[in-house]
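See below for the structure under consideration.
We number each residue from 1, following the sequence as shown.
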Amino acid sequence: MNVASLLNAPRTDAPSPSTLALLRVEASVLTQALLASARESARESVLAFRFMRGLLLDGGFSAPLK
């Protein structure tokens, strides 16, 4: 155990500005990843729908356009 932690009272002040900036960056990166994932999922659903529609209407295999 650290002796200084026994002698000094624990800090109760607010997080430093650099910590807040880091949290802000992490939050924005997570938000961008979530939005990109949702966009990609929607795109894949549209491609799957087009493929199945083409398969049912044309009666044959037609590769989906990307």
Worksheet, complete the sentence: Output for pair (Leu35 CG, Glu40 CD), nearest 0.5 Å, gives 13.5 Å
Practice prompt. Could you grab the distance from atom CE of Met52 to atom CG of Leu57, nearest 0.5 Å is fine?
Written response: 10.5 Å
Cut-off 3.5 Å, no hydrogens considered: what does the side-chain donor-acceptor table look like for residues 18-27, sequence neighbours left out?
residue : atom : partner : partner atom : Å
Ser18   : OG   : Ser16   : OG           : 3.1
Thr19   : OG1  : Ser16   : OG           : 2.9

Item to complete: For Gln32, enumerate each residue passing the side-chain contact (heavy atoms from CB on, under 4.5 Å) test, keeping only those at least two apart in sequence or located in another chain.
Response: none
Fill in: Any donor-acceptor N/O pair, Ser37 side chain to Ala33 backbone, under 3.5 Å
no
